[in-house]
Structures are given as C-alpha cells and as structure tokens.
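Letters go in sequence order (proteins before strands), and every chain restarts at 1.
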Amino acid sequence: MLSTADSIYSKESVPQTRGAVVLTTVARFEIKYQQYMDETGTFISNDVPPAFARDIDTLKQLYRDMNRVRVLDQKAYALQRTGKMGTYPAATGQEAIGVGFGSAMTKEDVLVPYYRGQASMIQHGVLMEEVLLYWGGYEKGCDYQVAKEDFPIAVPIATQSLHATGVAKAIQMRGEKRCVFTEIGEGGTSQGDFYEALNVAGIWNLPVVFIINNNQWAISVPSELQTNCETYAQKAIAAGIDSVQVDGNDIVAVKEASDKAAEKARNGGGPTVIECISLRLCDHTTADDATRYRPEGELDDGWTKEPIIRMRKYLESKSAWSSEDETNMLEELAAEVQQAVDNYLNTPVDPPEAMFDYLYEELPEKTVAQRELAIARGAK
Amino acid sequence: MLSTADSIYSKESVPQTRGAVVLTTVARFEIKYQQYMDETGTFISNDVPPAFARDIDTLKQLYRDMNRVRVLDQKAYALQRTGKMGTYPAATGQEAIGVGFGSAMTKEDVLVPYYRGQASMIQHGVLMEEVLLYWGGYEKGCDYQVAKEDFPIAVPIATQSLHATGVAKAIQMRGEKRCVFTEIGEGGTSQGDFYEALNVAGIWNLPVVFIINNNQWAISVPSELQTNCETYAQKAIAAGIDSVQVDGNDIVAVKEASDKAAEKARNGGGPTVIECISLRLCDHTTADDATRYRPEGELDDGWTKEPIIRMRKYLESKSAWSSEDETNMLEELAAEVQQAVDNYLNTPVDPPEAMFDYLYEELPEKTVAQRELAIARGAK
Amino acid sequence: MAAITLIEAVNKAIAYEMEADKEVVVFGEDVGINGGVFRATDGLQEKFGEERVIDTPLAEAMIAGLAIGMAAQGMKPIAEIQFMGFIFPAADHIISHCARMRNRTRGRLTLPMVIRAPYGGGIHAPENHSESTEAIFAHIPGLKVVMPSNPSRAYGLMLAAIRDPDPVIFLEPKRVYRIEKHEIEDNGEEYPLGMCFVDREGTDITLVSWGAMLHETKQAAEKLAAEGISAEVIDVATVSPLDIDTILESVEKTGRICIVQEAPKSGAIGSEIAAEIAEKGIMNLLAPIGRVSGYDTVIPYYRLEKQYMPKIEHIIEEVKRIVEYR
Amino acid sequence: MAAITLIEAVNKAIAYEMEADKEVVVFGEDVGINGGVFRATDGLQEKFGEERVIDTPLAEAMIAGLAIGMAAQGMKPIAEIQFMGFIFPAADHIISHCARMRNRTRGRLTLPMVIRAPYGGGIHAPENHSESTEAIFAHIPGLKVVMPSNPSRAYGLMLAAIRDPDPVIFLEPKRVYRIEKHEIEDNGEEYPLGMCFVDREGTDITLVSWGAMLHETKQAAEKLAAEGISAEVIDVATVSPLDIDTILESVEKTGRICIVQEAPKSGAIGSEIAAEIAEKGIMNLLAPIGRVSGYDTVIPYYRLEKQYMPKIEHIIEEVKRIVEYR
Ligand SMILES: Cc1ncc(C[n+]2csc(CCOP(=O)(O)OP(=O)(O)O)c2C)c(N)n1
Ligand SMILES: Cc1ncc(C[n+]2csc(CCOP(=O)(O)OP(=O)(O)O)c2C)c(N)n1
Ligand SMILES: [Mg+2]
Ligand SMILES: [Mg+2]
C-alpha cells in the first residue's frame with residue numbers, strides 16, 4: 001500500500017524543550033517524491049521498475065496514447081484558429097498525467113474530470129469527437145456513448161472534487177469494488193471545495209483518488225503566488241489522507257502511483273492525493289496569450305523535460321522504436337483524429353427546441369410556450 | 001519566533017527505497033503540543049514558565065476574567081430560560097481560550113470573532129451589555145462602543161476567517177504594526193472558507209492568528225466525525241503556515257502561544273494557527289439538548305480538566321487565593337454582570353424605522369415609502 | 001391515522017420513502033443521533049442506520065456536492081441545509097450543477113435529489129436564521145422549488161420531491177412546523193409538484209401565497225368573509241416552475257389579486273406572479289395588483305421581527321384598498 | 001479626448017480613482033500582469049504596482065471575503081470575479097455579509113467596495129461563461145447592482161461605484177465591451193447610481209432595458225421609428241435599487257411598455273419592473289406589459305446561443321403586438 005504521508009501520533013512522546021517553551025511532538029508527516037524515468041529517458045535507480053514498465057508493449061501503448069492527445073490538441077487549436085472550434089484548453093506537456101492515471105482506471109471506475117482533462121477522458125473511453133463537440137459548442141459532447149458514468153467537465157473550478165466524493169460515497173455504500181478518479185489544477189487547489197472534498201474523503205475513507213495537475217500556472221498566476229506550500233501533496237495532511245508527489249512528466253511514476261492508489265481505494269483503503277509536477281507548454285486556452293506573462297526561457301527548459309520525448313528516448317535506447325515506427329504512428333494517429341474531426345464537423349447543429357428538451361424530465365407547462373416560440377423564431 | 005510546523009524542503013535529499021518504489025522525502029512536518037499547567041494546577045515541567053505566568057497578579061487577573069465570562073454565561077442562560085434572552089451560546093469550559101488569546105491582543109489589534117466568542121470579545125473591549133444586546137435581538141449590540149474596529153459575530157460559520165485575512169491585508173498594506181485574531185470552532189474548520197483563508201494568509205504572509213476552539217463538538221457531531229486529522233493544527237500545513245496545538249484549558253499555554261504568534265504577526269512574521277483543545281461543558285446553545293448525544297461520563301471527566309478550577313488550585317497552592325477572595329470576586333463579578341444585564345434590560349426596543357436607517361448611507365427612493373409604511377403600521 | 005404537525009409530516013414522508021426505496025439516503029449536519037436541530041429527521045438514524053442517515057462534516061458546499069455525486073449514481077439523496085440562511089455556500093453547486101446536469105449531458109446523468117431547508121422568520125431565531133430567499137432559486141431554470149404550507153401538503157409534496165427525477169429545493173416553513181396538525185394516512189400518496197392548490201373559493205379577490213404566509217392569508221380571508229368580501233385563496237406550493245394558469249383563471253373570475261409573501265418585496269416570487277398577470281391577464285384586472293410583503297431590507301434581529309413580518313391586518317387593509325379601487 | 005470602448009472606460013475610471021484615492025486597490029484572478037482575461041485592468045499593475053493591483057489565489061469566496069475585511073478597514077477594494085458564472089462561490093459573502101455590514105453594526109462598519117464581473121452571452125464562450133443572473137443580487141437589500149450599457153456610462157458609473165459608501169455589484173456587458181466607442185473626457189466625473197437614463201424620447205411605447213441589451217433595444221427603436229412607431233428608450237443602468245419613478249412616468253406618457261432582458265424570464269429584473277407598474281401604474285396601461293427575454297432554460301453552449309439571445313426583430317415583433325393591442 002502506498003502510504004506517504006506517514007504520521008505518528010503518540011500521546012506519550014517525550015517532551016522537548018525549546019527555549020522556555022515546553023513542546024511535545026504529537027504528529028509527524030513527510031511528503032515523498034516519486035520518479036522512475038528521468039528526462040533523458042533513463043530509469044534513474046537500480047531499483048526494479050514497476051511490473052508494467054518492464055513490458056515494452058505497455059510502454060509503447062502509453063507512448064502512443066500520449067501522442068494521440070497531443071495530436072488532438074494540435075488539431076483542435078488549428079480548428080479554433082480557423083473559426084471551427086470554440087475556446088479550447090490544450091494539455092500540451094501534461095499528457096503523461098491524464099494518460100498515466102487514466103490507464104490506471106478500469107472501465108468500472110468513474111472519472112470526474114477537470115476542464116483540461118481530455119487526456120484522462122479519452123483514456124477512459126470518452127470519444128475524441130465528444131471532446132471536440134463539447135468545446136465546439138454542442139451539449140451532446142457530454143452525452144458520452146462509452147464512458148456512461150463519467151462526469152462531464154466541471155468548468156466552475158474545484159466543484160468536481162466534491163462530485164467525486166459523492167460518486168465515491170455511492171460506490172462505498174453499495175459495497176462495490178471500484179473507485180473514482182478526479183483531477184484538478186494546482187490553481188484549483190486554492191478553492192474551498194477542494195479542501196472540503198479532501199476532508200470528507202478522509203473522514204469517510206472514500207474510494208477516491210485526487211490527481212493534482214501541477215502545471216505551475218493558473219492562467220497567468222504562477223504557482224509561487226498560489227500557495228505558500230512547498231508541495232501541493234501536503235495539502236492532504238489537512239485532511240489526514242495519504243499523498244505523494246510525483247514527476248508528472250514521468251508516465252511510469254504517474255501510472256505506478258495511480259495504480260497503487262486505485263488498488264488501495266478499491267479495497268477499502270481510502271483516498272489518496274497525487275501531485276503530478278509538470279509544466280503547461282501551451283497557452284492557458286486558445287483565448288490566452290502566455291507571452292504576456294511567461295518568463296523567458298521557461299518554455300525552452302520545459303520542452304527538454306516533457307513526457308513524450310523522454311519515453312521516445314527510452315524506447316529508442318531499448319531499440320524498441322524506430323523513426324519509421326514514429327512516422328507510422330503519427331500517420332495513424334492523424335487519421336484517427338481526423339476521423340473524430342470529421343464526425344465533429346459533420347454533426348448538425350441542434351434545433352432550437354434542444355434548449356428545452358433536457359431541462360427537466362418533463363418540461364413545465366409554463367415553458368412549453370417558450371419552446372414553441374423558440375421554434376417559431378428559429379424557423380424564420 | 002514560534003515555529004512549530006517545521007518543514008524541511010530539500011531538492012537534494014537522498015532517495016530512499018521502499019519496496020520497489022523509489023521515493024525521496026521532499027518535505028517534513030511536525031505538530032507540537034504545548035502545555036504548562038496541568039489539571040491539578042501544577043506547572044508540569046521544570047522549565048521556566050513564560051514571564052507573565054511568573055507574575056501572580058497577572059494570573060489572578062486572568063482567573064478573574066475567566067470567571068467573568070462564566071458568570072455572564074450563567075446569567076444569560078437564566079435570562080433565556082425566563083424569556084428575556086434569545087438563543088445564547090455559552091462558552092462554559094472554554095473560558096481559557098478566549099480570555100487567553102484576548103489578553104494577548106493590544107487595543108490596536110483587531111478581533112474577528114466567532115459566535116461563541118464572548119470571552120475574547122469582552123477581553124478585547126466589547127461590553128458585556130453589547131454581547132447581551134446582540135443575542136437579545138438588538139442590532140445595536142454590534143455597534144461596539146470601545147472595540148470600534150472589531151467585527152461583529154459571523155453566524156455563517158467560517159466566513160469570519162476570510163474577513164480576518166482582509167483586515168490583515170489592510171493592516172499589512174498600510175505598514176501598521178498590529179495584527180488580527182480570529183476564532184473558529186473545530187467543526188468550522190471543515191468549511192472551505194477556513195482553508196481559503198489559511199491559504200491566502202500563508203502566501204501573502206498576513207498578520208493574522210487563527211485560533212481553533214476545539215471543544216470536540218459541533219452541535220451533536222463529535223470531532224471524530226468531523227475530520228480524519230489527528231490534530232486540527234496540522235490543517236495549517238495545507239497552507240504552509242506555522243501551527244501549534246495547545247491545552248486549551250491551560251490559559252498559560254493559550255496566552256503564551258498567542259503572545260508569540262501576535263508578536264510574530266505584528267513584526268512581519270506572518271500567520272499562525274493555534275489549536276486549543278478543550279471541551280464544551282454546556283449545551284451547544286440554549287436551543288440545544290446535549291443529553292441527546294453526549295456520551296455518559298464525558299461531562300464528569302470534563303469538569304475535572306476545565307480551566308477555571310485548575311487556576312484556582314494553582315493560586316491556592318501558592319497561598320495567593322483564599323475562599324474569601326473567591327467570595328469577594330464572585331460578588332464583584334455578579335455586580336458587574338448585573339449592571340450589564342440592567343443596561344440590557346433597560347434598552348428600549350428600536351422603532352420600526354430602525355429596520356431601514358442603516359441599510360445604505362442613503363435609503364433608496366423606492367424604499368422610503370416602505371419605511372413610512374412600517375412606521376404607520378408600527379404606530380397601530 | 002394520527003394527527004401530526006408539518007415537521008412530523010416531513011419526517012413521516014422521508015421515513016416512508018426510505019422504507020420503500022433503498023436508494024434514499026439522508027444526510028446533513030446533525031441529522032443523525034440529534035435528529036436535526038428541528039427534529040425533522042428524528043428517529044431516522046435509529047431506524048435506518050448510520051449508513052443511510054449520515055452526519056456530515058460542517059460544510060454546505062460539500063453537502064450539495066456529495067448529493068450531486070450520489071444522485072448521478074442513481075441514489076436519491078435528501079440533503080439537509082440546517083437553515084436557509086446557510087444555503088449560500090452551496091449556491092454554486094445548486095445553480096451551476098444541480099440545475100444543469102440533465103441538460104448538459106442530454107439526459108445521460110440526472111439528479112433525483114432533494115435539498116431540504118427550513119426557511120423564514122418569526123421564531124425569534126438569531127441572525128441569519130430567518131431568511132426567505134426562495135426567489136434566488138426560483139430564478140434558476142432546471143430547479144424545482146417547493147414550499148409546503150401545511151402538514152398534508154408537506155407529506156405529499158415531500159414524497160413527490162423525493163420521487164421526482166429532477167432536483168428539488170424543498171423549503172420548509174419553520175414558523176408553522178408545529179402550529180397545526182392534520183390527520184394524515186401514512187400511505188405514501190404524493191401530491192403533484194408544479195401545481196397550485198385552491199384553498200378557498202371566492203369571487204371578489206384572489207389571494208395568492210405559499211409556505212408559512214398561507215396561515216395569515218387564510219385567516220385574513222376568513223375575516224374578510226365576515227365583512228362580506230369573498231376571497232379566493234391559492235397556495236402556490238411550487239414556487240418554481242410556477243403554475244400560473246391556476247392563478248390566471250382565478251383572476252379571470254375575481255378581477256383582483258393580492259399576493260402575500262414574506263420575502264423582501266423587490267424581485268421576489270410575487271414580482272413574477274404580478275408580471276405574468278400583467279402580461280397575460282391584465283384585461284381581466286379591475287384594480288392594481290397588490291403585494292403584501294416583507295420590506296426591502298434585511299430581516300431584523302428578533303426584537304423588531306414582528307415589525308417586519310406581514311400580518312393579517314396588513315393583508316386585510318391591502319385587500320380592502322384593492323376591492324374598493326375604482 | 002479619445003474615443004474609447006466600454007472596457008477601456010472601465011479601465012480608465014479605475015485608473016482615475018486609483019490615482020485620486022490611495023485607498024483604492026484592485027484584486028482578483030489574473031488582474032495583474034495579464035491585465036484581466038478581458039484586459040479590464042490592463043496596465044494598472046505596471047502603473048500602480050503589485051501592492052495595489054494584486055493577483056489573488058484562485059478562490060472567489062476568498063476574493064469577496066478579503067474585500068469585506070479590507071473595506072471594513074476603510075480601504076476601497078475593487079474585486080474582480082472573472083466571469084459572472086463564477087460569482088456563486090462568493091454568494092454567501094455577498095449576501096450574508098456585504099449586504100448587511102452597515103445595517104448590523106448600525107453604521108459602525110461600512111463596506112465601500114465594488115465587485116466587478118463581466119456578464120452575459122453572445123461571445124461564443126464556453127459553458128458557465130455567459131450568465132446573466134443579476135436578479136439574484138438585485139433581490140438582496142443592502143446591495144446596489146449596476147449594469148452599464150455604453151462607454152460613457154461605464155466610466156461615470158464605475159467612478160460612482162468606487163466612491164459609493166456601500167457595496168456595489170458592477171456587472172459589465174462583455175458582449176459590448178468593444179462594440180462601440182465614445183469620446184470621453186477622463187475628468188473623473190461620475191454618473192449617479194440609482195437613476196435610469198432616458199436614451200430616446202418617444203410617445204407610443206416605453207422600451208426598458210439595461211446592459212448589453214440596450215443595443216438591440218435602441219436599434220429596435222430606430223427601426224420602429226422608421227415604421228412610424230415612436231418608442232421611448234430607458235436604460236435602467238442601476239437594476240437595484242430600481243428607479244421605478246422614471247419608468248412609471250414614461251409609461252404614464254406612452255401607456256405601453258416592453259421590457260427587454262437577456263436573463264431567463266421568470267423572476268428576473270423585468271418581473272419586478274412589471275410588478276411595480278402593475279401595482280402603481282396600471283391605470284395608465286393601454287396594453288399588457290411585454291417582456292422580451294431569454295428563455296427559462298440554461299443558456300445553451302455556443303452553437304445555439306444565437307437562438308437563445310433576444311434579438312432586434314423579437315423586440316420589434318413584441319412592440320407591434322403591444323402597440324396594436326386594443
Ligand atoms: C470558479 C471558477 N473561477 C474562475 C474560473 C476561470 N478559470 C478557468 S481556468 C483558470 C485557471 C486554472 O488554473 P489551474 O487550476 O492551475 O488549472 P490549469 O488551467 O493550469 O490546468 C481560471 C481562473 C473558473 N473556470 N471557475
Ligand atoms: C454556514 C453555517 N452552517 C451551519 C450553521 C449552524 N451551526 C451553528 S453552530 C454549528 C456547529 C459549530 O461547531 P464548531 O465549529 O465546532 O463550533 P462550536 O459550536 O463547537 O463552538 C452549526 C452547524 C451555521 N451557523 N453556519
Ligand atoms: Mg495549473
Ligand atoms: Mg466545536
């Protein structure tokens with residue numbers, strides 16, 4: 001079991017004297033950092049990597065999955081720039097986080113994503129065209145065909161953390177052996193909702209894993225202005241729950257920590273917070289211009305640490321990946337994404353009455369006339 | 001400087017191996033517990049107590065101040081039972097907390113109290129009759145004649161924590177050498193507002209002291225159902241700020257921790273959280289019946305640990321207090337409180353227009369007619 | 001068949017449905033062993049266990065957020081907010097999520113949940129314990145806002161609220177929690193949501209109210225009858241979505257209307273009712289639309305509370321003004 | 001004298017008052033180096049320093065709570081909520097504290113603060129970025145809710161809001177942030193709060209609107225004029241407290257009224273205006289009161305947004321119906 005916020009509570013601790021103040025230590029905590037593969041694509045210790053990381057096909061699959069998200073993001077950006085897409089938040093540089101924890105989830109687990117969550121969403125069965133539809137202005141983008149229980153994106157920041165605890169409570173009450181994953185940005189951890197969610201997850205021992213995508217920016221606000229904490233993982237201490245900080249650009253670390261946390265949660269071991277340190281290598285969204293606030297050099301440095309290239313280096317170092325493989329994969333992914341884009345672009349706009357038809361199970365009498373008015377107006 | 005949530009952040013820590021997982025410790029914390037005088041009225045260590053505690057007159061004054069609150073609470077209860085008072089929350093058993101931190105405040109410091117805050121409020125200059133007026137249904141109970149800058153009670157739980165950070169920010173911006181104290185119940189710490197306040201206090205290094213009155217109950221909900229934390233003090237770790245846990249029934253510990261935290265705050269050292277462990281020896285309020293939920297024996301045990309008797313024992317052990325002193329003091333306090341009660345009972349009820357006269361600086365045109373209507377109706 | 005109060009009716013309806021439907025769970029602050037500060041959930045934990053009647057940590061956003069997550073999983077949470085004045089930390093969840101989940105997922109995820117809260121003044125409570133802010137939630141499409149006025153309706157409407165496939169904000173008139181008793185057969189029969197109740201037929205004027213204020217309104221109608229003024233009394237019961245048709249029909253008959261509400265006057269439910277009549281029924285009006293209302297000010301602390309609350313004589317006075325209007 | 005947009009006017013007014021009054025501080029998410037996501041605070045941090053133009057952590061309750069604390073100390077905070085859809089976490093502070101501090105302390109502590117938020121749809125924004133929920137705050141006594149419609153008014157009303165001794169919720173019509181320019185002298189002259197502006201005189205009907213919808217309303221009035229219908233156009237500007245007298249006077253003259261609003265119809269500002277007329281001006285009405293409004297549904301994602309927003313032709317259609325009413 002992954003247990004990183006060790007705490008020792010002992011009423012009988014020996015009093016310590018510090019100056020004139022009598023102080024007994026009653027609780028101790030530490031936050032640990034987890035990384036396997038460094039930015040050169042090398043496993044950093046002589047330690048045995050987790051089992052999945054010893055299977056080269058698994059790593060190849062993860063590599064492909066990360067690339068898929070990046071290709072999708074690029075495509076969505078291009079669509080937005082040509083007026084065919086709404087505001088879109090890319091996850092460039094953070095693909096290891098969503099793909100990593102998404103691949104730790106079973107079909108039965110429930111995902112309660114945040115808005116920059118396309119990596120985990122796709123990994124857990126949300127269709128790429130659904131992601132495009134959502135940001136492209138179609139409610140039906142949230143009517144997931146495969147990921148039937150997953151929540152739609154929560155735009156109001158941090159609210160999803162609480163919804164995740166509710167889903168986890170239902171799972172717990174029903175005695176099911178599954179768990180909930182929910183993601184949040186490091187900026188989002190400043191919201192009270194995040195903390196309230198951690199607290200209830202802790203006291204009720206809920207089967208939920210909180211992933212913090214620490215991409216070091218909340219739009220223009222850097223992490224250094226967000227909190228005085230050295231780590232975001234330590235926020236879990238406030239709720240008495242386990243946490244760990246991982247290299248969010250190392251998909252092996254993200255997946256390993258997530259696997260363990262999920263297993264723990266499914267088996268009644270309660271919640272875990274996993275802080276994944278990464279960097280947002282793109283603008284906040286298509287509506288943002290990060291050159292207004294990003295310090296010089298940050299991007300250059302960031303690109304040397306990002307998750308995709310390091311995995312490629314590793315695969316190449318094992319002679320498991322060639323430039324032909326790369327070309328083929330990118331072609332295949334481009335085709336996959338293009339298919340999703342085509343489906344998206346071919347989706348007809350809903351008729352005006354669609355504004356009303358899912359508001360309640362049954363539309364109130366009073367609103368029926370409005371619906372008809374909308375249809376009449378729309379027909380003009 | 002009081003610094004109890006020590007943290008060590010070191011990028012170069014040596015990796016530790018735990019099973020197959022590579023983990024580096026990146027942050028360490030501990031929570032300390034502070035107590036000077038135990039329940040028998042004995043200083044528990046050979047350590048020198050804080051300077052103020054070596055002055056018997058100071059201790060006598062604190063003893064008197066605690067007694068004043070208890071007498072007031074009893075009187076308010078009696079008034080309520082005879083229909084002369086609204087719902088009232090006594091602070092029985094927790095007098096050392098409010099009196100302790102209240103006596104650490106200067107006149108210039110600002111108090112942002114919680115609803116069970118009469119001990120600190122009175123200590124900081126709010127008149128007893130103002131406390132009675134407030135709970136007795138008079139807005140003018142918040143128009144403090146002496147404590148001009150102090151906030152009125154915040155009934156919506158935990159909101160006061162954020163107001164305190166705002167006051168602290170103003171103080172900081174103006175470069176003033178004063179600080180803010182704000183109190184909250186242990187139940188209140190589950191609210192997001194509490195955490196948001198800690199977080200901004202931490203990142204902005206605000207001159208504010210957060211006092212947690214851990215009286216172990218939130219109405220009928222025991223602390224064990226409130227949070228999974230071993231200590232409430234550790235909630236400060238989530239915000240990267242200092243904290244300490246003290247015996248909330250030991251006024252020496254409460255005042256010493258508060259003195260240090262206040263001094264630190266006034267001198268630019270930033271915020272502190274002080275958890276004071278006590279026990280609510282009364283019902284939640286006059287509207288509550290704690291026998292519905294309180295486990296047997298708890299009260300008996302609690303009364304052996306409460307703050308007033310232990311200070312009396314200490315004073316008696318030093319031959320500084322006689323039963324005559326006790327009788328005299330109680331008589332004097334009864335007279336003081338009775339004076340406040342008389343002032344309260346003699347306060348005329350406001351005329352109807354008082355509902356309108358402080359809503360805005362200038363009452364909107366539209367509402368002027370309503371004001372007149374209220375006067376006319378009231379005159380009937 | 002026992003005569004029970006409004007709060008007992010709430011309790012009985014919840015118990016009935018918990019018995020009938022294993023997915024129904026109750027949670028909130030102090031709802032367990034304490035049975036709620038007003039005892040609305042009294043005895044439920046004993047009967048259904050700590051797993052289904054749950055004391056939460058003290059956080060309203062969390063209570064609402066939990067309910068959303070559980071409801072999305074098909075459970076039927078009944079979440080208590082201890083007083084309506086404490087619902088605001090949950091406003092974001094109620095407005096941005098509860099009201100929208102069905103719509104945004106095109107019916108994939110629905111939220112069969114109830115948020116209960118005692119509302120209103122008149123019980124000498126402390127600050128922030130007397131709010132009547134139903135208008136805030138009534139303005140939000142996707143919500144239903146129900147305010148029962150008596151024990152039978154509390155029982156029937158609560159059952160309907162729990163069974164409703166969409167989120168219902170259920171506001172209980174705490175001032176009349178124990179003011180009258182109704183003989184209620186505990187048979188699980190619901191009253192329909194979204195429909196007004198005509199409590200008294202009349203011909204001279206229509207009196208419209210809901211929740212606690214129905215009591216003053218009905219008493220005013222009685223006194224008016226003694227003076228020869230025949231008032232029709234309508235209990236709105238569901239303040240959103242509004243059953244305006246019943247009110248319009250009544251006004252068509254009486255030609256005059258007076259709305260009685262406890263909330264501050266501006267932008268309240270009464271405004272919407274008046275606006276609808278001004279739009280659709282104005283040709284039937286023989287006099288201006290009257291509103292007897294709380295004032296546009298903060299409800300005062302308890303010493304002045306009586307001065308704030310609309311009273312029977314205010315209704316009578318306003319009705320006479322309207323009836324005498326030429 | 002430069003021609004500037006509405007958002008530039010907001011920026012200029014804030015800058016003017018920051019220059020004039022050292023107690024004025026600006027804070028919120030991304031208001032600093034980024035100048036706000038719409039650039040309302042562009043250049044202010046550079047000009048007034050990081051101490052007075054402050055990026056906060058990401059938490060709206062905190063932003064409102066901070067403002068309350070600072071204002072109680074006599075500072076004049078201008079707090080930004082990035083979009084009106086994100087104001088709800090701050091609802092408790094706005095409703096339970098902002099609106100009440102003066103009243104509950106009998107004037108001892110007052111809150112000269114402004115909460116700014118861009119509101120409304122029509123810019124193809126994502127979910128939760130297009131809300132028009134002014135009615136929620138307009139229902140709360142103790143608040144002032146201001147919604148400017150054009151650059152001059154944004155400038156003058158923002159100055160008044162900052163200087164006002166009481167809390168002001170200042171909702172900016174983001175759809176028209178850059179749609180027109182006014183020549184504005186940056187002289188610190190304010191416009192009064194709590195007063196309607198009559199934008200066009202007319203005799204056949206009164207059109208009442210506020211914020212972004214004024215633009216459609218004015219264009220409708222122009223087109224109607226071409227067809228021989230003379231519409232008086234009133235910009236409410238301060239939706240609470242409402243200057244109903246100006247509207248009543250106009251209706252006295254025209255005998256007909258149509259209210260144009262973007263918010264969902266039920267329980268919106270339009271309802272209150274209609275109710276007031278139905279109470280105090282009904283004898284002057286020659287026709288039912290018309291409301292052209294957003295529908296009682298969640299504002300849709302952007303593909304259907306146009307179908308949701310009231311349009312010029314809807315106003316014209318409704319006006320004709322009212323004018324032709326016999
Ligand atoms: C309640 C709320 N406030 C503000 C916003 C506007 N907003 C959208 S993203 C964002 C920054 C989020 O930063 P972070 O949580 O670090 O996530 P990231 O964007 O870096 O993935 C803000 C302020 C929002 N969506 N919801
Ligand atoms: C936002 C809000 N929710 C609920 C309440 C009702 N309430 C009043 S006191 C209380 C319990 C508070 O417990 P705690 O914070 O431990 O303080 P204590 O009463 O023990 O001093 C509750 C739930 C409230 N006042 N405000
Ligand atoms: Mg971020
Ligand atoms: Mg407590």
Q | Residue pair D245(D), E365(B): steps toward the side-chain contact (heavy atoms from CB on, under 4.5 Å) verdict | A | CA-CA 9 Å; D245(D) 290 342; E365(B) 203 42 46; 3.8 Å; yes

Q | Check against side-chain contact (heavy atoms from CB on, under 4.5 Å), I54(D) and K169(B) | A | CA-CA 11 Å; I54(D) 313 167; K169(B) 181 67 186 167; 3.7 Å; yes

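Annotation: residues 190-197 of chain D contacts chain B through no residue [non-hydrogen atoms, separation under 4.5 Å].
Distance alone, capped at 3.5 Å, places no donor-acceptor pair between the R108(D) side chain and the Q145(B) backbone. With R106(D) contributing its side chain and D357(B) its backbone, the two residues share no donor-acceptor pair below 3.5 Å. At distances below 3.5 Å, at least one donor-acceptor pair connects side-chain atoms of D166(D) with backbone N or O atoms of E361(B). The main-chain N or O of M62(D) is found under 3.5 Å from a side-chain atom of E196(B) such that the two form a donor-acceptor pair.
Contact check on E139(B) versus R102(D) returns no salt bridge, with no Lys/Arg side-chain nitrogen under 4.0 Å from an Asp/Glu carboxylate oxygen.
Proximity to chain B (any heavy atom under 4.5 Å) is shown, for P141(D), by both the backbone and the side chain. For A168(B), no part lies near chain D; criterion is any non-hydrogen pair under 4.5 Å. Within the 4.5 angstrom heavy-atom criterion, only side-chain atoms of V110(B), from C-beta onward, approach chain D. With a 4.5 Å cut-off on non-hydrogen atoms, T110(D) does not touch chain B at all. The contact between A354(B) and chain D is made by backbone and side chain atoms together, counting heavy-atom distances below 4.5 Å. If you measure heavy-atom distances from D164(D) to chain B, you find no contacts under 4.5 Å at all. Looking at I68(D), both its backbone and its side chain come within 4.5 Å of chain B, counting heavy atoms on both sides.
Counting heavy-atom pairs closer than 4.5 Å to chain B, the top-ranked of the candidates N103(D), D243(D), T56(D), V25(D) is N103(D). Of all the listed residues (A170(B), P152(B), S161(B)), the one sharing the greatest number of non-hydrogen pairs under 4.5 Å with chain D is P152(B). Ranked by non-hydrogen atom pairs under 4.5 Å with chain B, the options M75(D), K22(D), R104(D), E23(D) are led by R104(D). Note on Q172(B), K140(B), E149(B), E362(B): by heavy-atom pairs under 4.5 Å with chain D, the leading option is E149(B). Taking chain D as the reference chain and counting heavy-atom pairs below 4.5 Å, the highest number among Y134(B), W204(B), Y360(B), F356(B) is found for Y360(B). Note: P165(D) leads G107(D), P165(D), P77(D) in heavy-atom pairs under 4.5 Å with chain B.
No more than 12 heavy atoms of other residues, nucleotides or ligands sit less than 6.0 Å from atom NZ of K107(B).
When all heavy atoms are compared, the tightest approach of Q73(D) to R178(B) is OE1-NH2, 2.9 Å. A pairwise comparison of heavy atoms in K366(B) and L242(D) identifies CD-O, 3.7 Å as the closest pair. Residues L109(D) and D150(B) come closest through the heavy atom pair CD1-O, 3.7 Å. Counting all heavy atoms, side chain and backbone alike, P57(D) lies closest to I203(B) at CG-CG2, 3.8 Å.
In this structure, the separation between CE on M101(D) and CZ on F151(B) is 4.0 Å, given to the nearest 0.5 Å. The line from CG of D143(B) to OG1 of T105(D) is 6.5 Å long, rounded to the nearest 0.5 Å. Residue R52(D) holds its CZ atom at 7.0 Å from CE of M173(B), rounded to the nearest 0.5 Å.
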Exercise answer: donor-acceptor pairs, residues 83-94 of chain D side-chain atoms, under 3.5 Å, sequence neighbours excluded:
unit_1	atom_1	unit_2	atom_2	d
D92(D)	OD1	S96(D)	OG	2.9
H93(D)	ND1	H163(B)	NE2	3.0
H93(D)	NE2	D193(B)	OD2	2.8

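The shortest distance between side-chain heavy atoms of T159(B) and H97(D) falls below 4.5 Å.
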